[in-house]
Amino acid sequence: MVYLSMGEPDFATPEHVKQTGIRAIQRGETRYTAMDGTVQLKDAIGRKLLRDNRLTYQRHQITVTAGGTQAIFNVMLATVGPGDEVILPAPFFQPYLSAILLCGATPVILPTREEEGFMPRAKRIAEVVTEKTRWLILNSPSNPAGAVIDRTELAEIAALLRQHPDVLVFSDDIYESIYYGDEPFSNIVNVAPDLADRTLILNGISKAYAMTGWRIGYLAGPEPLVAAVSQVTATSTFTASSIAQAAAVEALDGPQASLVTQNAAYRNRRDLMVDKVNQIPGLHCRTPDGAFYLFINCSQFVGKRTPEGTLISDDLGFVLHLLNHAGLASVQGSAFGMPGFIRIAYAASEETLNEAADRLAAACTALR
Ligand SMILES: Cc1ncc(COP(=O)(O)O)c(C=O)c1O
């Protein structure tokens with residue numbers, strides 16, 4: 001079986017970070033921490049935001065969670081309920097939808113267009129924003145499409161938001177370090193500093209430092225919002241792991257060389273897979289500007305039949321065919337709110353990717 005279904009780096013956590021975690025255990029840093037994160041970690045996050053994002057946040061504007069996914073849930077739990085609307089561009093990272101629904105709020109799913117690189121457009125956001133809109137979710141680079149919202153579009157979104165002063169902005173930057181653009185990465189606060197007082201930035205160490213199992217995420221934004229989220233964390237999980245927090249300080253403050261080498265490796269893998277996928281008749285995908293996913297259009301295979309005669313009735317049927325016929329694990333686009341596609345994660349060795357491409361081609365050829 002070849003697994004391209006999981007959204008996590010295949011690299012190891014850097015050795016100096018692992019050793020810091022071990023030393024934290026040996027030093028006895030094994031107790032509850034401050035509920036919104038250790039002072040050391042919040043300060044390291046502040047330094048990171050200044051160094052990488054040219055943004056200034058103080059300790060009280062930062063809160064630490066047990067992974068970015070928990071941050072998403074805690075933000076929604078702290079801020080929305082029945083009657084509130086949350087604009088969620090599709091395709092989206094599925095926990096956003098779950099968190100919105102769990103809180104009884106209304107997800108306003110806004111499909112993006114393949115021909116526009118799956119980028120959320122200000123003019124289409126304008127069509128769905130209402131007096132009930134509480135949040136606009138922006139995720140750039142995005143999971144699953146790898147879409148990057150460029151500075152021009154960010155400026156247009158900011159201009160729209162200025163007409164709607166009550167809408168909060170959730171800027172999910174978790175893939176910022178896996179980015180292939182020529183210009184420096186920008187989020188909406190970089191482009192529109194006046195929106196800082198209603199934007200929450202989400203980031204974490206999972207993707208950048210290959211630390212998905214350590215479970216550290218963080219939010220930076222205006223103090224009242226951050227304090228409300230910290231309350232939810234404090235009353236639900238107390239704190240993120242003390243050991244993982246100590247290691248996260250080293251990840252953020254220590255040598256950053258692995259980011260550069262990994263980015264180069266991801267870019268090579270992206271180019272390899274985009275090329276291979278686009279050579280398979282019936283499939284096509286765009287070259288994404290960030291993250292480590294390809295969002296592949298498989299709609300031409302819907303309506304075809306497997307050699308056993310099973311009808312491929314949708315993208316899930318196609319994914320099951322890849323699994324059964326070729327031993328290739330991927331994820332159906334409908335799980336991200338956009339049917340007719342599959343997502344593969346190319347965070348795997350070139351050998352694995354070559355094998356996956358061969359299996360994908362064979363599985364497609366088998367359909368009639
Ligand atoms: C868009 C996006 N945001 C947030 C996360 C959360 O990652 P974690 O919970 O590992 O910090 C993920 C993980 O896949 C993601 O794809």
Side-chain angles (χ1 to χ4, degrees), residues 3-11 13 17 37 41 45 48 62-77 86-100 107 109 112 118-120 135-149 169-179 185 187-188 199-221 229 232-233 236-237 239-241 244-245 247-248 251-252 266 288-295 330-331 333 335-338 343-348:
Y3 293 95
L4 299 187
S5 46
M6 285 302 290
E8 63 180 340
D10 59 323
F11 297 106
T13 299
V17 177
L41 180 52
I45 292 165
K48 179 261 175 251
I62 294 169
T63 191
V64 176
T65 55
T69 310
Q70 191 191 49
I72 293 167
F73 273 78
N74 289 2
V75 169
M76 292 304 145
L77 285 167
V86 180
I87 300 177
L88 180 60
F92 48 74
F93 178 51
Q94 202 279 338
Y96 282 105
L97 181 62
S98 301
I100 297 163
I109 294 172
T112 59
F118 302 103
M119 187 165 64
W135 284 100
L136 167 65
I137 312 279
L138 299 177
N139 171 217
S140 167
S142 78
N143 176 10
V148 172
I149 311 176
V169 191
F170 196 107
S171 177
D172 181 339
D173 299 357
I174 203 143
Y175 292 100
E176 70 158 322
S177 65
I178 306 164
Y179 167 62
F185 168 79
N187 64 25
I188 193 148
T199 301
L200 267 185
I201 294 175
L202 168 69
N203 212 324
I205 58 170
S206 287
K207 316 290 174 174
Y209 301 100
M211 294 177 73
T212 45
W214 295 75
R215 310 311 301 130
I216 296 290
Y218 57 87
L219 294 159
V229 178
V232 176
T233 310
S236 55
T237 39
T239 77
S241 152
Q245 289 188 67
L252 296 173
Y266 287 134
D289 290 325
F292 40 57
Y293 307 106
L294 294 189
F295 203 52
S330 58
V331 185
F336 306 98
M338 191 165 277
R343 186 197 77 176
I344 62 163
Y346 56 82

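Both ligands and their constituent atoms are indexed starting at 1 by order of listing.
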When rounded to the nearest 0.5 Å, the distance separating OH of Tyr175 from CG of Asn143 is 4.0 Å

Results of side chain to side chain contact (heavy atoms under 4.5 Å, CB included) for Thr112 - residues two or more places apart only: Pro89, Pro91, Phe118, Pro120, Met338

Please determine, by modelled atom types, if Asp172 and Tyr96 share a side-chain donor-acceptor pair under 3.5 angstrom. yes

Name all residues meeting the side chain to side chain contact (heavy atoms under 4.5 Å, CB included) criterion together with Asp289; count only those two or more places apart in sequence or in a different chain, and write none if there are none. Val148

Report all protein residues having a heavy-atom distance below 4.0 Å to some atom of ligand 1; order the list by chain, then number. Gly67, Gly68, Thr69, Phe93, Asn139, Asn143, Asp172, Ile174, Tyr175, Ser206, Lys207, Arg215

CG on Leu252 to CG on Asn203, rounded to 0.5 Å: 8.5 Å

Residues forming a side chain to side chain contact (heavy atoms under 4.5 Å, CB included) with Thr63, sequence neighbours excluded: Asp36, Leu219, Val226, Val229, Ser230

